[in-house]
Amino acid sequence: MDAARPRGTKMIRASKPNTAASVASDDEGGRRARRFRKPFTQQEPLPEAAVARAVEVMRSGRLHRYNTLPGQPGEAAELEQAFAQYMQLPYCLACTSCGYALHIALRSAGVSAGDPVLCNAYTLSPVPGAIDNAGGKPVFVETCEDCTVDVADLRRAALESQARYFVLSHMRGHIADMDAIVALCRELGIVLIEDCAHTMGARWRGRLSGSFGDIACFSTQTYKHMNSGEGGLLVCADPAYMRRAVLYSGSYMFYDRHPQAPPPETFVQDRLTVPNYSGRMDNLRAAVLLAQLPLLDANCRRWNALYQVLESGLARIPGIAVIERPAHEAFVGSSIQFRLTECPGAKIPEFVRACAERGVVVKWFGAEQPEGYTSRYDSWRYVTSCRPLPRTTALLAGLCDIRIPLTFDTSDCELITELIGEALGSIAG
Ligand SMILES: *Cc1c(COP(=O)(O)O)cnc(C)c1O
């Protein structure tokens, strides 16, 4: 998905600020005097504790989650314990990816072939993909100007479709009015599944994102808030859903090895009827995540410090509107979105190019063809019947996005906003 390091090169130690690398004088005419030099896809190295723990697992040869010595839970089980405790929820299951976790969450909640499943129209492709994988039919819901799901349209779509499931994607970290959503789901008897790929560590009115839904799924893919390359965590408080999720994940008959699942004796009913859809996390990934979890909250604060610099810088640029965030949304600013308010759609590709020339990677959600992670709801053609979504279409037409890796510092973020201002100015004439 993103530019890989050339083969054989060493891991770039990019965690230290390197402002000298950020600015460089360019061509002699001085026209493009400044260019941002850091890659937008460079994550920090894993902490040494993660490396040490991974090496330990590799030395042991016991990488499979159920391949443990007597009395040792193994890293996958330990991760489930640690994350359940972090979330203050009784159950947690470590999986291969968030998309996989969403898929078995839907099945565990009872989705079967042809069932309508509500989801935000503004989301990432693995979300409708997970619904499709579970046999469901995605029913897209409109988006507000602040990038959150439109709760009034959610009610309409729920009544029209009679859907009994809703995957709420906190897309790019934007958290909708959770009181209104939880109340609506209760009223209409809808199972709420939260997609927290961008809200690990975020809170809404003081409560952790992922603790509102009947089930919640997190990603530990490289571009999210903890990095194991690939990985997913499913949390919930419902024993029936959790038993099925554990069995779907491919627990063989080792469900007694899941410390954050219901007691083994309660599995008798389901153990022979729920198919095995193998998607377990291994001990190696769990080991590197266990060492990252204690750093999560501090990292969220670091993201927000960078976000604030970008947000205030972008807000000062005429023709750019930043996304309003309610005071009670304690979000994690691992990416930032902004709207171009005066730039006609036809000129946005030019703006994106002008940014790229300055070393600033801006993604645009309004492009006709999906690019990278910015695909639009109408590019998921397997969804054959789609409600009209004029508000989402209008929003995405001017919506831009930049990643905020923790290898950036605040002076990088200042420079990025200046360069974006320059880029926008350069195409105005
Ligand atoms: C990344 C992402 C996912 C899926 O995560 P994977 O671990 O890559 O499957 C789901 N939803 C959103 C909004 C995401 O950004």
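Atoms within each ligand, like the ligands themselves, are counted from 1 in listed order.
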Below 4.0 Å from ligand 1: does a non-hydrogen atom of Ala130 turn up there or not? no

Would Phe218 and Phe83 count as a close aromatic pair, with their ring centres under 6.0 Å? yes

Lys/Arg-Asp/Glu bridge criterion (N-O < 4.0 Å) met for [X], [Y]:
| X | Y | answer |
| --- | --- | --- |
| Glu329 | Arg203 | no |
| Asp146 | Arg325 | no |
| Glu80 | Arg65 | yes |
| Arg391 | Asp150 | yes |
| Lys137 | Asp132 | no |

Mind checking whether [X] has an N or O less than 3.5 Å away from an N or O of ligand 1?
| X | result |
| --- | --- |
| Ser169 | no |
| Asp195 | yes |
| Pro126 | no |
| Thr220 | no |
| Gly99 | yes |
| His198 | yes |
| Tyr100 | no |

Can you figure out which of His103, Arg172, Lys224 has its heavy atom closest to atom 1 (C) of ligand 1? Lys224

Under a 4.0 angstrom heavy-atom cut-off, which atoms of ligand 1 come close to [X]?
| X | answer |
| --- | --- |
| Val127 | 11 (N) |
| Ala197 | 2 (C), 3 (C), 10 (C), 11 (N), 12 (C), 14 (C), 15 (O) |
| Gly231 | 7 (O) |
| Ser97 | 7 (O), 9 (O) |

Over 60° means perpendicular and under 30° means parallel, so classify the ring planes of Tyr252 and His64, tilted if in between. tilted

Ring geometry between Phe365 and Tyr122 (parallel below 30°, tilted from 30 to 60°, perpendicular above 60°): perpendicular

Using distance alone, with no hydrogens and no angle criterion, decide if Thr222 and Asn227 have a side-chain donor and acceptor under 3.5 Å apart. yes

Can you tell me the protein heavy atom closest to [atom] and the distance?
| atom | result |
| --- | --- |
| atom 8 (O) of ligand 1 | Gln221 NE2, 2.8 Å |
| atom 7 (O) of ligand 1 | Ser219 OG, 2.7 Å |
| atom 5 (O) of ligand 1 | Cys98 CB, 3.2 Å |

Which of these, Tyr255, Tyr100, Tyr277, sits in a ring pair (Phe, Tyr, Trp, His ring centres under 6.0 Å) with Tyr248? Tyr277

